[in-house]
Asks: 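Please see the structure below; I have some questions.
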Amino acid sequence: MAGKALDNQGITRNNANNKTIYWSLLNYKGWKMYLAATDKGLCFVGSQNKPFDEVTNWAEKAFPGSAFEENPGKLQPYADQITEYLDGVRISFSIPFDYNGTEFQQAVWRALCEIPYGETKSYSDIAHHIQKPAAVRAVGAAIGKNPVLITVPCHRVVGKDGSLTGFRGGLEMKKQLLILEGNGQ
(Lines give C-alpha, C1' and ligand atoms only; values in the text may rest on other atoms or scores of the structure.)
Protein backbone atom coordinates (compact mmCIF):
# COMPACT_ATOMS: atom_id res chain seq x y z
CA MET A 1 0.00 0.00 0.00
CA ALA A 2 2.85 2.43 -0.69
CA GLY A 3 1.55 6.00 -1.01
CA LYS A 4 -1.85 4.98 0.30
CA ALA A 5 -3.48 5.44 3.68
CA LEU A 6 -6.38 3.76 5.40
CA ASP A 7 -9.18 6.03 6.49
CA ASN A 8 -11.28 5.17 9.55
CA GLN A 9 -13.54 2.97 7.43
CA GLY A 10 -10.56 0.92 6.18
CA ILE A 11 -10.68 2.44 2.69
CA THR A 12 -7.34 3.22 1.07
CA ARG A 13 -6.73 6.71 -0.25
CA ASN A 14 -3.72 8.74 -1.35
CA ASN A 15 -2.25 10.91 1.35
CA ALA A 16 1.22 12.30 0.74
CA ASN A 17 1.13 14.70 3.72
CA ASN A 18 1.38 12.10 6.51
CA LYS A 19 4.10 9.74 7.68
CA THR A 20 4.76 6.48 5.96
CA ILE A 21 4.66 3.51 8.30
CA TYR A 22 6.96 0.77 7.11
CA TRP A 23 6.13 -2.72 8.30
CA SER A 24 7.42 -6.24 8.21
CA LEU A 25 6.65 -9.59 9.79
CA LEU A 26 9.31 -10.91 12.17
CA ASN A 27 9.13 -14.70 12.11
CA TYR A 28 12.00 -16.08 14.17
CA LYS A 29 12.33 -19.32 16.14
CA GLY A 30 8.64 -19.56 16.97
CA TRP A 31 8.24 -15.81 17.54
CA LYS A 32 5.92 -14.20 15.01
CA MET A 33 5.08 -10.52 15.34
CA TYR A 34 4.65 -7.49 13.16
CA LEU A 35 7.10 -4.61 13.41
CA ALA A 36 6.50 -1.07 12.20
CA ALA A 37 8.68 2.00 11.94
CA THR A 38 8.65 5.52 10.56
CA ASP A 39 11.67 7.34 9.22
CA LYS A 40 12.30 8.45 12.83
CA GLY A 41 12.39 4.99 14.40
CA LEU A 42 10.56 1.91 15.64
CA CYS A 43 6.97 2.75 16.42
CA PHE A 44 5.27 -0.62 16.97
CA VAL A 45 6.08 -4.17 18.00
CA GLY A 46 3.11 -6.46 17.75
CA SER A 47 1.86 -9.20 20.00
CA GLN A 48 2.97 -12.73 19.28
CA ASN A 49 0.90 -14.49 16.60
CA LYS A 50 -1.59 -11.63 16.15
CA PRO A 51 -2.91 -10.70 12.70
CA PHE A 52 -1.85 -7.68 10.64
CA ASP A 53 -5.04 -5.91 11.82
CA GLU A 54 -3.29 -5.30 15.15
CA VAL A 55 -0.83 -2.99 13.35
CA THR A 56 -3.39 -1.19 11.22
CA ASN A 57 -5.83 -0.66 14.10
CA TRP A 58 -3.04 0.78 16.25
CA ALA A 59 -1.68 2.99 13.43
CA GLU A 60 -5.07 4.48 12.66
CA LYS A 61 -5.10 5.86 16.21
CA ALA A 62 -1.42 6.72 16.66
CA PHE A 63 -0.66 8.08 13.18
CA PRO A 64 -4.04 8.77 11.52
CA GLY A 65 -3.98 9.01 7.74
CA SER A 66 -0.50 7.55 7.39
CA ALA A 67 0.48 5.34 4.48
CA PHE A 68 1.57 1.72 4.95
CA GLU A 69 4.44 0.17 3.06
CA GLU A 70 5.80 -3.32 3.50
CA ASN A 71 9.56 -2.87 3.69
CA PRO A 72 11.55 -5.68 5.33
CA GLY A 73 14.85 -3.95 4.51
CA LYS A 74 13.89 -0.79 6.38
CA LEU A 75 12.82 -2.89 9.39
CA GLN A 76 15.93 -5.09 9.37
CA PRO A 77 17.95 -3.07 11.95
CA TYR A 78 15.03 -3.35 14.39
CA ALA A 79 14.46 -7.02 13.61
CA ASP A 80 18.18 -7.68 14.13
CA GLN A 81 18.18 -6.24 17.65
CA ILE A 82 14.95 -8.02 18.60
CA THR A 83 16.28 -11.37 17.33
CA GLU A 84 19.54 -10.79 19.25
CA TYR A 85 17.40 -10.24 22.34
CA LEU A 86 15.39 -13.40 21.64
CA ASP A 87 18.68 -15.29 21.27
CA GLY A 88 19.76 -14.05 24.71
CA VAL A 89 22.73 -12.04 23.41
CA ARG A 90 21.23 -8.54 23.75
CA ILE A 91 19.99 -7.11 27.04
CA SER A 92 19.18 -3.55 25.93
CA PHE A 93 18.26 -1.76 22.72
CA SER A 94 20.07 1.06 20.93
CA ILE A 95 17.53 1.66 18.18
CA PRO A 96 15.60 4.92 17.77
CA PHE A 97 11.90 5.04 18.64
CA ASP A 98 9.03 7.10 17.28
CA TYR A 99 6.07 6.67 19.57
CA ASN A 100 3.17 8.97 20.26
CA GLY A 101 1.88 9.34 23.79
CA THR A 102 1.02 11.86 26.40
CA GLU A 103 3.78 13.33 28.55
CA PHE A 104 2.68 11.00 31.36
CA GLN A 105 2.73 7.92 29.10
CA GLN A 106 6.18 8.80 27.82
CA ALA A 107 7.46 9.25 31.39
CA VAL A 108 6.15 5.76 32.21
CA TRP A 109 7.72 4.28 29.06
CA ARG A 110 11.09 5.90 29.91
CA ALA A 111 10.84 4.40 33.40
CA LEU A 112 10.22 0.96 31.89
CA CYS A 113 13.47 1.28 29.93
CA GLU A 114 15.31 1.76 33.22
CA ILE A 115 14.22 -1.62 34.62
CA PRO A 116 17.34 -3.78 34.35
CA TYR A 117 17.29 -6.91 32.22
CA GLY A 118 16.23 -9.92 34.29
CA GLU A 119 14.54 -7.82 36.99
CA THR A 120 10.92 -6.90 37.58
CA LYS A 121 9.19 -3.94 39.19
CA SER A 122 5.64 -3.42 40.36
CA TYR A 123 3.21 -0.83 39.05
CA SER A 124 3.63 0.93 42.38
CA ASP A 125 7.41 0.96 41.91
CA ILE A 126 6.97 2.67 38.54
CA ALA A 127 4.52 5.21 39.99
CA HIS A 128 7.03 6.09 42.70
CA HIS A 129 9.87 6.25 40.18
CA ILE A 130 8.07 8.90 38.12
CA GLN A 131 7.15 10.73 41.34
CA LYS A 132 3.41 10.05 41.01
CA PRO A 133 2.86 7.53 43.84
CA ALA A 134 -0.93 7.89 43.76
CA ALA A 135 -1.08 7.19 40.02
CA VAL A 136 -0.71 3.40 40.11
CA ARG A 137 -3.82 2.79 37.98
CA ALA A 138 -2.78 5.46 35.48
CA VAL A 139 0.66 3.83 35.30
CA GLY A 140 -1.05 0.53 34.46
CA ALA A 141 -3.08 2.23 31.73
CA ALA A 142 0.05 3.86 30.27
CA ILE A 143 1.88 0.54 30.30
CA GLY A 144 -1.06 -1.01 28.46
CA LYS A 145 -0.65 1.61 25.72
CA ASN A 146 3.05 0.82 25.19
CA PRO A 147 3.31 0.44 21.40
CA VAL A 148 6.77 -1.14 21.32
CA LEU A 149 6.65 -4.41 23.23
CA ILE A 150 9.93 -6.06 24.20
CA THR A 151 12.04 -3.01 23.30
CA VAL A 152 10.29 -0.88 25.94
CA PRO A 153 10.13 -3.72 28.46
CA CYS A 154 6.64 -3.53 29.93
CA HIS A 155 6.84 -7.31 30.41
CA ARG A 156 9.11 -6.56 33.40
CA VAL A 157 6.21 -5.06 35.36
CA VAL A 158 4.37 -7.48 37.62
CA GLY A 159 1.83 -7.27 40.41
CA LYS A 160 2.98 -6.10 43.84
CA ASP A 161 2.92 -9.75 45.00
CA GLY A 162 5.04 -10.81 41.99
CA SER A 163 2.09 -12.25 40.04
CA LEU A 164 1.82 -11.91 36.29
CA THR A 165 -0.66 -9.22 35.36
CA GLY A 166 -2.04 -7.77 32.15
CA PHE A 167 0.10 -7.53 29.05
CA ARG A 168 -0.98 -6.45 25.55
CA GLY A 169 0.85 -9.44 24.09
CA GLY A 170 -0.91 -11.85 26.46
CA LEU A 171 0.28 -13.47 29.67
CA GLU A 172 1.90 -16.39 27.84
CA MET A 173 4.11 -14.01 25.85
CA LYS A 174 4.96 -12.12 29.05
CA LYS A 175 5.88 -15.36 30.79
CA GLN A 176 8.09 -16.42 27.86
CA LEU A 177 9.93 -13.08 27.93
CA LEU A 178 10.52 -13.29 31.69
CA ILE A 179 11.79 -16.87 31.35
CA LEU A 180 14.10 -15.71 28.54
CA GLU A 181 15.51 -13.10 30.92
CA GLY A 182 15.94 -15.66 33.69
CA ASN A 183 13.14 -14.31 35.85
CA GLY A 184 10.38 -16.76 34.92
CA GLN A 185 7.36 -16.98 37.13
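The figures here come from the full heavy-atom set of this structure, side chains too, leaving out hydrogens, waters and symmetry mates.
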Asks: For F63 and W58, take the angle between the two ring planes, folded into 0 to 90°, and tell me which bin it lands in: parallel under 30, tilted 30 to 60, perpendicular over 60.
Replies: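 Ring orientation of F63 relative to W58: perpendicular.
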Asks: Is there side-chain contact between V55 and F68, with heavy atoms separated by less than 4.5 Å?
Replies: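 Of all side-chain heavy-atom pairs linking F68 with V55, at least one is under 4.5 Å.
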Asks: Kindly give the heavy-atom pair with the smallest separation between P147 and C43, and that separation in Å.
Replies: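 Nearest heavy atoms, P147 then C43: CB-O, 3.4 Å.
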Asks: Measure across S47 and R168 and return the closest heavy-atom pair with its distance rounded to 0.1 Å.
Replies: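 So the minimum-distance heavy-atom pair works out to OG-O, 3.3 Å.
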Asks: Could you give the distance from CG (N100) to NZ (K61), rounded to the nearest 0.5 Å?
Replies: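 N100 atom CG to K61 atom NZ measures 14.0 Å (nearest 0.5 Å).
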Asks: If I take atom CG from residue N27 and atom CG from residue N49, how far apart are they, to the nearest 0.5 angstrom?
Replies: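 Rounded to the nearest 0.5 Å, the CG-CG separation comes out at 8.5 Å.
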Asks: Take T38 and T20, measure what side-chain contact (heavy atoms from CB on, under 4.5 Å) needs, and give me the verdict at the end.
Replies: CA-CA 6 Å; T38 67; T20 297; over 6 Å; no
Asks: Can you name the nearest heavy-atom pair linking Y99 to Q106, along with the distance?
Replies: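 So the minimum-distance heavy-atom pair works out to O-NE2, 3.9 Å.
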Asks: What's the shortest heavy-atom distance between V152 and N146, and which atoms?
Replies: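 Result for this residue pair: O-ND2, 2.8 Å.
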Asks: What's the separation between atom CG in D98 and atom NZ in K40, rounded to the nearest 0.5 Å?
Replies: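 The NZ atom of K40 is 5.5 Å from CG of D98, to the nearest 0.5 Å.
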Asks: What heavy-atom pair brings Y78 and A37 nearest, and what distance separates the two atoms?
Replies: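 Scanning both residues completely, I find the closest heavy atoms to be CE1-CB, 3.6 Å.
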Asks: Spell out, as yes or no, whether a donor-acceptor pair under 3.5 Å connects the side chain of S66 to the backbone of K19.
Replies: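 Checking the backbone N and O of K19 against the side chain of S66, a donor-acceptor pair under 3.5 Å is found.
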Asks: With the side chain counted from C-beta on, respond yes when L149 and Q48 share a heavy-atom pair under 4.5 Å apart, and no when they do not.
Replies: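 No, their side chains stay 4.5 Å or more apart.
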Asks: Looking only at non-hydrogen atoms, find the nearest pair between S124 and V136 and report the distance.
Replies: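 Smallest heavy-atom distance, with atoms named: CA-CG2, 4.0 Å.
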Asks: As a quick check of understanding, evaluate side-chain contact (heavy atoms from CB on, under 4.5 Å) for K145 and W109, giving each step before the final call.
Replies: CA-CA 9 Å; K145 297 280 185 182; W109 299 339; 4.1 Å; yes
Asks: Between V139 and H129, is any pair of side-chain heavy atoms under 4.5 Å apart?
Replies: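 The answer is no; the side chains never approach within 4.5 Å.
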Asks: Would you indicate whether the side-chain heavy atoms of R156 and L112 approach each other to under 4.5 Å?
Replies: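 Side chain of L112 against side chain of R156, heavy atoms only: no contact under 4.5 Å found.
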Asks: Counting only heavy atoms not in E114, do more than 12 fall under 6.0 Å of its CD?
Replies: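 Enclosed.
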Asks: With heavy-atom distances below 4.5 Å as the criterion, would you say the side chains of F167 and C154 are in contact?
Replies: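 Side-chain contact under 4.5 Å: yes.
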Asks: Can a donor-acceptor pair be found, under 3.5 Å and without considering hydrogens, that links the side chain of D87 to the backbone of E84?
Replies: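 No.
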Asks: Check the side chains of Y123 and T165 for a donor-acceptor pair under 3.5 angstrom, ignoring hydrogens and angles.
Replies: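 Note: T165 and Y123 side chains meet the donor-acceptor criterion.
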Asks: Let me confirm one number: the NZ-CE distance from K50 to M173, rounded to the nearest 0.5 Å.
Replies: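 So the gap between those two atoms works out to 10.5 Å.
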Asks: Among Y28, F93, W31, exactly one meets ring-ring contact (aromatic ring centres under 6.0 Å, His included) together with Y85. Which residue is that?
Replies: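 Exactly one option meets the ring-ring contact (aromatic ring centres under 6.0 Å, His included) with Y85, and it is F93.
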Asks: For D39, check salt bridge (Lys or Arg N to Asp or Glu O under 4.0 Å) against everything at least two apart and list the hits.
Replies: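 Expected list: K74.
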Asks: Would you say V45 and L26 make side-chain contact, with heavy atoms under 4.5 Å?
Replies: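 SC-SC contact between V45 and L26 ruled out.
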Asks: Flag the pair H128 / K121 as yes when at least one side-chain heavy-atom distance between them is below 4.5 Å, and no otherwise.
Replies: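 Not touching, per the 4.5 Å side-chain cut-off.
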Asks: Taking the six-membered ring for Trp and the single ring otherwise, decide whether the centroids of F44 and Y34 are under 6.0 Å apart.
Replies: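 Aromatic pair excluded; centres sit 6.0 Å or further apart.
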Asks: Tell me, with the steps shown, if D80 and Q76 meet side-chain contact (heavy atoms from CB on, under 4.5 Å).
Replies: CA-CA 6 Å; D80 287 346; Q76 195 60 52; 2.6 Å; yes
Asks: CD/E54 to CE/M33 distance, rounded to the nearest 0.5 angstrom?
Replies: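 The distance works out to 10.0 Å.
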Asks: Step by step, would you call W23 with F52 a ring-ring contact (aromatic ring centres under 6.0 Å, His included)?
Replies: CA-CA 10 Å; W23 66 271; F52 184 66; 4.4 Å; yes
Asks: Would you say Q81 and L42 make side-chain contact, with heavy atoms under 4.5 Å?
Replies: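 Side-chain contact under 4.5 Å: no.
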Asks: Look up atom CD in Q176 and atom CG in L180, then write down how far apart they are to the nearest 0.5 Å.
Replies: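 It is 9.5 Å, given to the nearest 0.5 Å.
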